[in-house]
Amino acid sequence: MNPLQVFRDEIAKEIRAAIKTDTEFPIDEPPEGLGDFCVKCFQFAKQFRRSPVEISMDLETRFSNNPLFEKVEAKGGYLNFYVNRREMARIVLGTVLEEREKYGNGSKKGRIIVEHTSANPTGPLHVGRGRNPIIGDTLARVLRALGYEVQTEYYVDDMGRQLAILAWAYKNLGIDGEEKKGKKEDHVLVELYRKGNELFENEEKIRREIEAIIRQIEQGNREIIAYQRKIAEKCMKGIVATLERCNIHIDNFVYESEFLLDGSVYEVVERLKQSRHAGCEDGAYYIDLAPFGFHGKDSKFFFTRGDGTSLYTTRDIAYHLNKFSRCDVAINVLGEDHKLQAKMVAISLQELGVERKPEILFYSFVSLPEGKMSTRAGRVVYLDDLVEEAVAKAKEEILKRGRESKVDVDKVSVAVGIGAIRFNIVKIQPEKQIVFRWEEALNFEGNSAPFVQYAHARAASILRNGNVDIRKITYNAEHLRTPEEDALIKVLAKFPDVVDTAGEERKVYLIPQYLHKLAETFNTFYRYVPVLNAGEERETRIALVYATKCTLANGLQMLGIEALEEM
RNA sequence: GGGCGUAUGGCUUAGUCAGGAUAUAGCACUGGCCUCCUAAGCCAGCGGUCGAGGGUUCAAAUCCCUCUACGCCCGCCA
């Protein structure tokens with residue numbers, strides 16, 4: 001249940017009755033100190049040809065004896081609602097204590113596939129595209145919390161030139177036994193990939209050799225495709241290990257070659273040829289994009305080569321048709337470099353008479369102060385290295401505080417390190433560009449995961465010290481007397497709204513933002529309001545602490561960050 | 001040349017789609033708080049012509065137009 005909805009429903013009901021309308025109007029939150037909800041009467045002024053001030057004063061009288069509100073006040077055309085604190089507290093504590101780890105969850109229906117990461121299997125994941133798995137996984141978690149059946153999916157490109165180069169290098173260059181020692185598969189392979197690339201660029205003979213392999217792949221040579229896939233899977237082992245370490249689980253891996261091998265790409269090709277916007281140039285087929293508003297260089301989308309073989313985007317279309325058969329909503333998390341390609345997929349689907357479109361969440365790259373990351377140039381920060389650094393830094397912080405005798409150092413440092421990375425990445429809107437700086441990535445204060453985890457640990461600590469049996473928590477709203485308690489109740493009440501918006505509008509950054517606010521509010525409460533040493537308020541304050549702990553834990557769960565009992 | 005995106009205090013950032021009351025936080029900086037449930041914390045202070053210029057409106061960070069800077073893309077690559 002959503003506690004705020006109780007109040008909003010009441011406001012909406014009364015106002016609709018008063019102004020005799022069925023139309024929806026927004027119920028907002030006023031600036032600090034002006035109440036809990038507000039309705040802007042300007043919007044009604046035109047319709048009734050009366051001043052907003054008059055309207056608001058009229059409406060004010062309608063709420064004069066409403067038990068849900070302490071005070072309803074017309075002010076300069078706004079109608080401000082001050083909720084009844086006791087009522088709010090009763091509803092919030094009642095709801096959270098009943099729903100516990102389900103507080104904030106929903107009961108939405110539908111199958112959603114979130115495709116994310118889908119990085120080329122030619123080396124380790126790096127921070128440049130590191131937002132992809134984190135945003136994707138977080139969105140999947142939020143949507144699951146809302147009740148959807150969610151599958152996460154990684155589309156593995158096992159047909160590209162990059163992998164062909166790697167596979168060639170693997171077969172022909174071999175691996176130095178010494179170098180391999182103790183290294184993850186993806187890190188071993190990326191060295192081969194780099195060497196292969198160098199040869200591909202500089203040695204004519206080798207380039208021709210690899211290009212011949214690529215042609216064979218495109219023509220559907222099963223033996224070679226199987227080999228490519230084997231190499232891709234080798235690399236995927238390393239990538240998956242990195243993801244799992246970050247609490248990111250992928251449900252399905254779909255290999256691009258499958259759509260060539262099962263013939264579905266060629267069905268797509270045949271159907272696209274029938275489009276009235278299809279054309280042919282030297283045997284290569286394309287869709288003319290001019291009717292769709294494209295000008296200049298990119299006004300043709302080629303979906304076959306001159307020799308009739310398919311292209312990456314064509315196979316992506318086949319993949320989407322397949323995906324649509326398995327879900328109601330398909331969400332793809334993609335780098336901003338895929339915008340044009342995604343548009344071409346969308347147009348092609350339309351040309352195929354498919355009504356559906358994938359929903360796309362684009363993110364901008366994480367770059368380094370010295371520029372864009374590049375695997376080939378070796379100018380990268382690998383996600384594995386970032387994780388290692390973060391965990392090491394977390395450990396350092398634990399030792400600095402002398403907590404090593406009280407906590408499981410390894411467990412806590414992993415939870416804090418991984419959490420810090422995830423939180424820092426997901427808290428920023430995906431379309432904003434990020435410049436990677438170690439000191440920011442490893443910041444454990446303020447708006448960060450450790451801040452939230454710390455608040456959770458403090459709440460846990462109170463319950464532990466008080467020997468609280470969480471199955472028998474009771475409360476009495478009359479015992480809430482401090483402004484710190486009121487503030488906490490109010491923030492707790494907002495959680496279901498936040499989760500709903502984060503999921504439905506695909507704005508995952510709302511969750512960390514909210515958790516920071518909740519943790520901060522709790523910390524202030526913690527500082528000024530004694531719990532275990534309180535008198536008759538003790539039970540109710542314990543309930544409030546527990547409700548906060550549940551909410552923090554629920555939010556952290558959605559971020560894939562561990563809620564620690566101690567740190 | 002064309003397309004898409006971004007621009008808010010020294011740095012990072014919310015609010016922009018659905019215009020409205022004092023523009024949200026964090027970092028940094030200054031000052032204060034551990035005889036009391038974990039100081040990865042709390043309190044106070046400092047700091048903003050919301051990229052520039054026009055327009056619409058009773059009201060613009062938010063809508064419209066023009067421009068600038070930065071990022072990404074524009075291959076019968078992936």
Side-chain angles (χ1 to χ4, degrees), chain A residues 24 26 28 30-34 38 40-43 45 51-52 75-78 80 120 157 159-163 214 256 281-286 293-300 302-309 311-313 315-316 335-341 343 362 364-365 367 372 394 397-398 400-401 403 406-407 416 420 424 427-429 431-435 437 439-440 443-455 457-466 505 509-510 513 516-517 519-520 522-534 541 545 566-567:
Chain A
E24 292 280 325
D28 302 309
E32 200 59 38
L34 291 170
C38 71
K40 296 158 186 163
C41 298
F42 307 89
Q43 59 192 315
S51 81
K75 198 166 184 180
Y78 296 88
N80 294 332
N120 264 334
D157 174 9
M159 292 198 58
R161 188 172 72 181
Q162 310 307 324
L163 182 64
I214 295 169
E256 188 181 336
E281 207 176 278
D282 302 328
Y285 284 86
Y286 64 85
F294 284 74
H295 309 286
K297 285 200 273 184
D298 50 3
S299 69
K300 277 179 189 155
F302 282 90
F303 58 92
T304 76
R305 293 194 176 81
D307 64 3
T309 55
L311 291 145
Y312 169 82
T313 306
R315 296 187 290 267
D316 202 16
E336 60 177 339
D337 55 336
H338 278 71
K339 280 183 183 173
L340 179 60
Q341 194 253 343
K343 222 177 232 175
F362 290 108
S364 298
F365 299 119
S367 60
K372 198 179 167 183
E397 295 288 326
I398 295 166
K400 199 167 89 190
R401 293 174 171 77
R403 300 283 300 164
K406 301 198 169 143
V407 301
V416 168
N424 259 296
K427 77 179 180 188
I428 293 171
Q429 295 196 12
E431 55 270 20
K432 295 228 180 185
Q433 211 201 323
I434 298 180
V435 177
R437 291 189 184 88
E439 63 271 27
E440 276 171 28
N443 170 34
F444 288 178
E445 281 159 18
N447 195 358
S448 70
F451 180 92
V452 178
Q453 288 170 310
Y454 185 66
R458 279 177 142 184
S461 170
I462 291 177
L463 301 178
R464 203 169 43 241
N465 292 338
E505 297 186 19
Y509 59 88
L510 294 176
Q513 200 177 297
H516 175 258
K517 180 78 188 156
E520 186 184 48
F522 177 73
N523 280 333
T524 302
F525 162 85
Y526 182 94
R527 163 73 179 75
Y528 292 103
V529 184
V531 176
L532 299 177
N533 298 327
R541 287 182 182 166
V545 169
E566 291 175 277
M567 65 184 276

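From a predicted model like this one, the values you see are computed outputs, not experimental measurements. Naming convention: chains lettered A, B, ... in sequence-line order (proteins, then strands); numbering from 1 in each chain.
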Visitor: For A:Tyr285, I'd like to know if atom OH has over 12 heavy atoms of other residues, nucleotides or ligands within 6.0 Å.
Guide: no

Visitor: May I ask you to say what A:Leu34 touches in the nucleic acid, namely base, sugar-phosphate or nothing, with a heavy-atom cut-off under 4.0 Å?
Guide: base

Visitor: Which way is the base of B:rC34 turned, syn or anti, if we draw the line at 90° from 0?
Guide: syn

Visitor: Counting heavy atoms from C-beta on, name the nucleotide in B:rG26, B:rC42, B:rA14 closest to the side chain of A:Gln513.
Guide: B:rA14

Visitor: Have a look at A:Val407 and say if it touches a base, only the backbone sugar-phosphate, or nothing, with a 4.0 Å heavy-atom cut-off.
Guide: nothing

Visitor: When you compare B:rC46 with B:rG26, how far apart are their C1' atoms, in angstrom units rounded to a whole number?
Guide: 15 Å

Visitor: By the 4.0 Å heavy-atom rule, please label A:Lys343 as base, sugar-phosphate, or nothing.
Guide: sugar-phosphate

Visitor: Just to be sure I understand the rule, does A:Leu532 reach a base, reach only the sugar-phosphate, or reach nothing, if contact means heavy atoms closer than 4.0 Å?
Guide: base

Visitor: Do A:Glu440 and A:Val435 come close enough that some side-chain heavy atom pair is under 4.5 Å?
Guide: no

Visitor: Considering only the P atoms, how many Å lie between B:rA78 and B:rA14, rounded to the nearest integer?
Guide: 35 Å

Visitor: Let's see if you can work this out: which of B:rG41, B:rA40, B:rC36 has an atom nearest to the side-chain heavy atoms of A:Phe444?
Guide: B:rA40

Visitor: Considering only the C1' atoms, how many Å lie between B:rG54 and B:rA60, rounded to the nearest integer?
Guide: 14 Å

Visitor: Given that both pair distances must be under 3.5 Å and the pair must be Watson-Crick or G-U, what runs of three or more consecutive pairs involve RNA chain B?
Guide: B:1-7 with B:68-74, B:10-12 with B:25-27, B:29-33 with B:41-45, B:51-55 with B:63-67

Visitor: Counting only side-chain heavy atoms from C-beta out, which of B:rG26, B:rC77, B:rC70 sits nearest to A:Asn447?
Guide: B:rG26

Visitor: A:Arg401 has a side chain; which of B:rC72, B:rA40, B:rU22 sits nearest to it?
Guide: B:rA40

Visitor: If you check every side-chain atom of A:Arg458, which of B:rA39, B:rC42, B:rC72 has the closest atom?
Guide: B:rA39

Visitor: With a non-hydrogen cut-off below 4.0 angstrom, is A:Arg541 in contact with a base, only sugar-phosphate, or nothing?
Guide: nothing

Visitor: If we take the P atom in both B:rU57 and B:rC11, what is their distance in whole Å?
Guide: 36 Å

Visitor: Select base, sugar-phosphate, or nothing to describe what A:Gly306 touches, counting heavy atoms under 4.0 Å on all strands.
Guide: base

Visitor: Using the P atom as the point on both nucleotides, what is the distance between B:rU49 and B:rU8, in whole Å?
Guide: 13 Å

Visitor: Quick check for you: among B:rC77, B:rA25, B:rC73, whose closest atom lies nearest to any side-chain atom of A:Lys372?
Guide: B:rC73

Visitor: State, yes or no, whether a side-chain contact exists between A:Ser448 and A:Lys427 at a heavy-atom distance under 4.5 Å.
Guide: no

Visitor: Would you indicate which nucleotide in B:rG75, B:rC43, B:rC17 comes nearest to any side-chain atom of A:Tyr528?
Guide: B:rC43

Visitor: Using a 4.0 Å heavy-atom cut-off across all strands, classify A:Leu163 as base, sugar-phosphate, or nothing.
Guide: nothing

Visitor: Assign A:Ser364 to base, sugar-phosphate, or nothing according to its heavy-atom contacts below 4.0 angstrom with the strands shown.
Guide: nothing

Visitor: Heavy atoms only, 4.0 Å cut-off, all strands: where does A:Tyr526 land among base, sugar-phosphate and nothing?
Guide: base

Visitor: When rounded to the nearest 0.5 angstrom, what is the spacing between NZ in A:Lys406 and CD in A:Glu566?
Guide: 9.5 Å

Visitor: Quick one: label A:Pro30 by what it contacts on the DNA or RNA (base, sugar-phosphate, nothing), any heavy atom closer than 4.0 Å.
Guide: base

Visitor: Are A:Asp316 and A:Gln341 linked by a side-chain donor-acceptor pair shorter than 3.5 Å?
Guide: yes

Visitor: State which of B:rG15, B:rG3, B:rA21 makes the closest approach to the side chain of A:Gln429.
Guide: B:rG15

Visitor: Any idea which of B:rC42, B:rC72, B:rA39 is nearest the A:Glu520 side chain?
Guide: B:rC42

Visitor: Nearest to the side chain of A:Lys339, which nucleotide is it out of B:rA78, B:rC4, B:rA14?
Guide: B:rC4

Visitor: Does A:Glu439, at its CD atom, have more than 12 non-hydrogen atoms belonging to other residues, nucleotides or ligands within less than 6.0 Å?
Guide: yes

